[in-house]
Every structure is written in structure tokens, then in C-alpha cells.
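Okay, so here's the structure we're looking at.
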There are 2 protein chains.
Amino acid sequence: MSRVTIKEIARRCGVSQGAVSYALNNQPGVSEATRARVLKVAAELEWVPNRAARQLSAARSETFGLVLARSAQTLIEEPYFMGFVGGVESVLSEKSFALALQVVADLDEEIATYRKWSAERRVDGVIVVDLRVADPRIPVLRKLGLPAVLVGDPALADGMPCVWTDGTAAMTAALDHVESLGHRVIARVAGPPEFGDVWIRDQAYDVAARRLALTASIHHTDYSATQGADATRDVLAAIPRPTAIIYDNDLMAVAGMAVIQALGLRIPDDITLVAWDDSALCRITHPTLTALSHNVVGYGAEVMHRLLDVLAGAQPQSHLYSTPLLLIRESSAPR
Amino acid sequence: MSRVTIKEIARRCGVSQGAVSYALNNQPGVSEATRARVLKVAAELEWVPNRAARQLSAARSETFGLVLARSAQTLIEEPYFMGFVGGVESVLSEKSFALALQVVADLDEEIATYRKWSAERRVDGVIVVDLRVADPRIPVLRKLGLPAVLVGDPALADGMPCVWTDGTAAMTAALDHVESLGHRVIARVAGPPEFGDVWIRDQAYDVAARRLALTASIHHTDYSATQGADATRDVLAAIPRPTAIIYDNDLMAVAGMAVIQALGLRIPDDITLVAWDDSALCRITHPTLTALSHNVVGYGAEVMHRLLDVLAGAQPQSHLYSTPLLLIRESSAPR
DNA sequence: CTTCGTTACTTAACCGGTTCGGCTTATCAA
DNA sequence: TTGATAAGCCGAACCGGTTAAGTAACGAAG
């Protein structure tokens, strides 16, 4: 029941409470000798700062927020998020900061959460994921003055600090890849069009397809395995039938693969598949999946570092984390 | 910049701060008329309680803790956790409580986190997952007096409150299933033996195999896709070769499936597969996977409810959430 | 020797709530 | 009319830190 307070430390050291505070926070105002003595006593008593007290007086919570506006079901299916959260955590825990994680149903609830957190002074800053086209969260965050880092393309961030991966370059690489294998009719099974990343990829896909003179279609889904399978059926029914499909995540790619195989078509002989978000899934299927790979854990860590920069007073800037790398595996074959 | 405090409300209502506090907290000590007036003004000013202040004086943080001692990599691969967290969240958010989530490397760090949280008064209670055999966390939590609900079999909980699913019954159902299909030589690809759930299943597997007079082997892994694939290769090399394999999670089952298919064996004609933790994966493979299914999101919610019960003063008790249900799909076939 | 500026503290206000003892006033039985 | 009881409210202490303002001691500059 260690209820050690700085008052107790002050008593034992024979100095005032204030001096102890200065000593413990590495601030000027005490001599090195006193500081050392205070630190020693604090360590002996196993003193741990009371978060609430510190937050109340210092107006810093040392907590950062992350709201996920996705159904619990999606979160189970998408390995992506947990990895991202793990990356964010890795930065926080070494500084012994905390993460407030909230799962909500939609964007309105997400905005309400920001309002609440801001009013409660619950968090020092937030990470905003799943950036949308003309994202309604941006003006709210601006108005609240809540420090934030957006995860997504600068074109969507409206001047706020953001971290992004180059979806355009990745998509271009994917199309160059399938074109170089001789494919001329291709399809894209995409996420929801209101998502910024999807929009960026859609643009890049169209541009590259035109440049390479490919026949190319886009099928939008909600990212789920079910809709990924349905979209794949649509793709296969098209005439002429595409010989390569590029998926927006690996879950849909795996679902699509099952559909294709169930119809008696062979991968990669009949159809080439490319996935996005290279999780373990891409390596355990048979055949293994060609994928646009990026380090999700590292991405989470990078975003958190940028948020700390923003709190330290850095000017808002966009920061390119990386370009997803095309890893060519067994699901790719020449036409 | 809403910096509305109860002091301001008190001023406007012409009552004392204390009276406002009673009114807002639905406590006796103010007349209904006053309470109504206070509530009205509070609503008008959009007052939101300051968490830190409330926590400091009330010694309640309204925050609950969950530590995951797994690598970020595992967390990405295992869809399980995100679903569980989502379930926990769903209960917390409707009461506007918060979740402190921490990802650490091992059990020692997990214990250190509990110590820190307890000293800081950071959380009101914790959820403990991945229960071990003779779990070292139990005595620590007891000593700290930190309210907790364990997720795992009562046999492992040492009298602490716990929520569990009946792994023994589930495993028995799985073996009855494969035996009824005529399989006589079977294998189990299990998780790490130090995990309580794995241990429980190991026991049940042995007992059922003996009862049914089956030739049965167990191969322990770290739950990863890689080791699941390796274990599957070991299984296939055994003589006599098993005709049915039961996996401890769906990730390994999918990995195993790829290995089997790559070797030219057919599922389910040559080998029957049964998975555990029925996520989307089991339904998107070809063939689809027979699995022991349970509602992970509901499980998380249930556990959180029990923790709230414990904090409300409930006696420690074990609580059976459910028995995983065997869903028979295409990967099952008669010998 | 006075004056000024540092350094090393102490004191006390403050953050925004909760809670307890005590003071008024109204209510009601004796 | 009086005394007991309770409801309603006030004032102030308190939670555990941070920090602005004040003070004493001391060395250097004028």
C-alpha cells in the first residue's frame, strides 16, 4: 500500500515540498547535492508520481488518444490495427506515457469523443487514422485546438501535420509489375471510396492504367472478406475476364483466392493476384501472395514520434514514412 | 476553450461549490429544486467533469487496465486480441470509462506494469489474459490488492474471480467429431505448453484420445504461422501418418493447410482439419475450415462486466462464459 | 562598504473536484 | 411553547502534485 507522496520525501530530506518537486523534475532551483539526496530517498521509498495530481496542476495528461471508427468485427478481421497500436505503444511505454484507445461506430461518435477528451483535458494529443476525402474531423480538431497527427496523404490533410506512405508510387509499381508480366486486362478490388487512401490509389490506378494502355476496372467494397469474395466473383464474370487482380488489403486477397480456386481456376496460371498490407496471411496461403508490404508496427511508432514533435512545438509538416515495397511471390506469373 | 468548472456553476446558481458537487453526482444533500437548477446551468455551460480532479479527490480513476504480454508481431497476426479489446471497449465506452492498454514483451514487464499502475493509482482494476499454469501474476495482484478478473479456467485462477470458456468440453467435442468420421490416427498442433488454456486442452485431448482408443500426438508451438507450418510438416512425416489435425488457433490451421496442399495432399480427402478461434480466416480459405467457434467480442464484454461486478463488491467467483461451438465445414470428411 | 545578482531554497496559491463537520431553518411531537 | 430531528446548504480541508513570488546567504563588482 505504497502511498508515498512528495510531502513524505520532503519531510525525510528536511527540505520543502517545492524543492522536492524541482529535484524530481530535473528543473533548476536546487543544488546538485540536494537533488541527489532527494532522488535517493525517492528511490528508496519507491515513490511514483500520482498521475492525477500531476495532470491537475501541470495541465498535461501524458496520455494520447486513438479513436478507431470501425466495427469490432472489422477490427478482428484486420490485423493491421493491432500492429499499428503496438507500434504506438512501443514509443509511449518507453516514456511511460499512456494511450487512451476508444472504439466507436462511426465518424460522428469519433468527433464526439474528441470533443469530450478535449473538454476533460483527457489527452495531450490524438492520432487520427482512416483519413477521408474532405475529412470532417479536421475542422473540429482545428477548432478544439487539439494537437493531432493525421495518418494519410498530405493532399488530404489540409495543412495539418501528417505521416503517410506513398500509395501512388506503390500502386504504380503494382501496375508496372502486372503489365511487365504481359497482363492487359486487370481489375482492382478496392476499399470504400470515401477513404482517402482508397481515393489516392484509385487515382494512381487510373493514371497508370491509361499510361500503360490497360483495360482496368475498379470494384469498391467495405474491406471485409465477404465483400472481397463478392467483388472477386464480379471481376471473374466480366468480359473480357481480367487476368490480374490487385486487392486493397490482404484479407480480401485471401478471400478472393479461395473464390478463384473454388471455381476451378488456377493461381497464378490463370490469374495473377497482388495484395496490399502484407501480413502473415500473404505468406501462409498456397500459393503465397505477391503483396505491397510495409512495416505497420514501425508506421505506428513513427506517427507517435511525430505527435511528440508536434507537442514539442514543431511546425506542422507532412512526413513521408515510406513507400510500400512490392514483394513478388508465387501468385504472380506471366500471362 | 470550455474551461467551465463547478465553481462557475456555483457562482451562477448562487450556491456553494459543495452543493453543486452533490447535485451533479446525484447525492443527497440538496433539494430537488436546487439540483434541477444546477443541472440546467451545467448543461447550458456544457460542463464536463475534469477527470484528473475527480480522480485526485475521489481516488477513483474510472480507468481499467489490460496488459498484453505478446510481441507486436503476434498481435498483428492474431485477430483474437483486437476483437477482445473491442468487446471490453464496448462496455467501457457506454459508461464513459477508459481503457489503459499496454503492450509489453514478457510476464516480468507485465508484473512491473501492475506494480506501477497500482502505485500511481492509475487504474481501478485490471483484466488478466493468457493465464499460465501456476501463474506468477496471481500472487502479485493479490498482494497489491489490485482488483482483477482473470481470463481462464478456474483450475488456474487460484480462487480469484475468473471468466472462462470450457476448453475441455470443446476439445472433447472435436475428438468425438473426428472419431465419428472414422479417423484413428490424429495430431494436435498446440500453443505453448506454459499457457493455461493449452494445458487444459492438452489434458482433455489425452483423456478423450484414450477413451476413444485413438493414436494421438501433440506438437507444441508458439502460436505463430511459421511454427504452425513447421509442426504440420512434422505431423505429416510421422508414421503412421495422422488423417486428422486439430489446431490451437486458426492462423496455424491456415498455415498448415497451405503446407498440406503444397505437398500435393488434398483436404479433406486425405486429411481432415479442425481449427480453434473461428475468425474470418476459417470461412475464406478453400476449403473452408471446421472450427471451434466462440464470440470473442462478447467474451471481452462479459469479462469487463465481471470486473465491474468485482469493483461493486461482488464475491470472487468463476463465471463460465460459454463452450466453444464446433462448426463443421468443408475441411471435415470421413476417413 | 554598499549594491547588485545569483543560487538555493521556502512559502503559499493553485489545479478542480469530493467530502465532512457544522450552522440555519423548517417540521413535528410533546 | 419548547425541544428534538432532519433537510438543505456553507465553508473549508483535502487529494498530490506544480510553480510564481518571496527570502536569505553569498560572492563579485563598483
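Model, not experiment: these values are computed from the prediction. Letters go in sequence order (proteins before strands), and every chain restarts at 1.
The CZ atom of A:Arg11 sits 16 Å away from the C1' atom of D:dG16 (whole-angstrom rounding). One atom, NZ of B:Lys7, and another, C1' of C:dC14, lie 8 Å apart when rounded to the nearest Å. We find that CG of A:Leu24 is positioned 8 Å from P of D:dT18, with the value rounded to whole Å. Distance B:Arg51 CZ to C:dG17 C1': 14 Å, rounded to the nearest Å. Rounded to whole angstrom, the span from the CD1 atom of B:Ile9 across to the P atom of C:dT18 amounts to 11 Å. Distance B:Arg37 CZ to D:dG8 C1': 12 Å, rounded to the nearest Å. What separates CD of B:Gln55 from C1' of C:dG17 is a distance of 12 Å, to the nearest Å. The interatomic distance linking B:Leu56 (CG) with C:dG17 (C1') rounds to 8 Å, in whole Å.
Partner A:Glu89 forms a side-chain contact (heavy atoms from CB on, under 4.5 Å) with one of A:Leu99, A:Leu101, A:Leu66 and no other, that one being A:Leu99.
As judged by a 4.0 angstrom heavy-atom cut-off over every strand, A:Val15 is placed among residues touching the sugar-phosphate backbone only. Base contact: B:Gln17 has a heavy atom under 4.0 Å from a base atom.
Side-chain proximity of B:Ser31 to D:dG17, D:dG8, C:dT18: nearest is D:dG8. With C:dC9, C:dG17, D:dG17 as the candidates, the nucleotide lying closest to the side chain of B:Thr5 is C:dG17. Closest approach to the B:Gln27 side chain among C:dT19, C:dC15, C:dG17 is made by C:dT19 (side chain taken as heavy atoms from C-beta onward). Listed candidates were D:dC10, D:dT19, D:dT18. Nearest to the side chain of B:Ser16 is D:dC10.
Interatomic distance, OG of A:Ser61 versus CZ of A:Arg54, reported as 12.0 Å (0.5 Å rounding). Taking CG of B:Leu150 as the reference point, atom CG of B:Leu156 lies at 9.0 Å (rounded to 0.5 Å). Taken to the nearest 0.5 Å, the NE2 atom of B:His319 stands 4.0 Å off from the CZ atom of B:Arg306.
No hydrogens or angles were tested; on distance alone, a donor-acceptor pair under 3.5 Å links the side chain of A:Tyr22 to the base of D:dA20.
Across every non-hydrogen atom of B:Asp130 and B:Arg137, the tightest pair is O-NH2, 2.8 Å.
The shortest distance between the side-chain N/O atoms of A:Trp47 and the OP1/OP2 oxygens of D:dG17 is below 4.0 Å. The side chain of A:Arg54 places an N or O atom within less than 4.0 Å of a non-bridging phosphate oxygen (OP1 or OP2) of D:dT18. Look at A:Asn25 and you'll find a side-chain N or O under 4.0 angstrom from OP1 or OP2 of D:dT18. One finds a side-chain N or O of A:Thr34 lying less than 4.0 angstrom from the OP1 or OP2 phosphate oxygen of C:dC9.
Of the residues near DNA chain D, B:Ala53 and B:Arg35, the one whose nearest nucleotide (by heavy atom distance) lies more toward the 5' end is B:Arg35.
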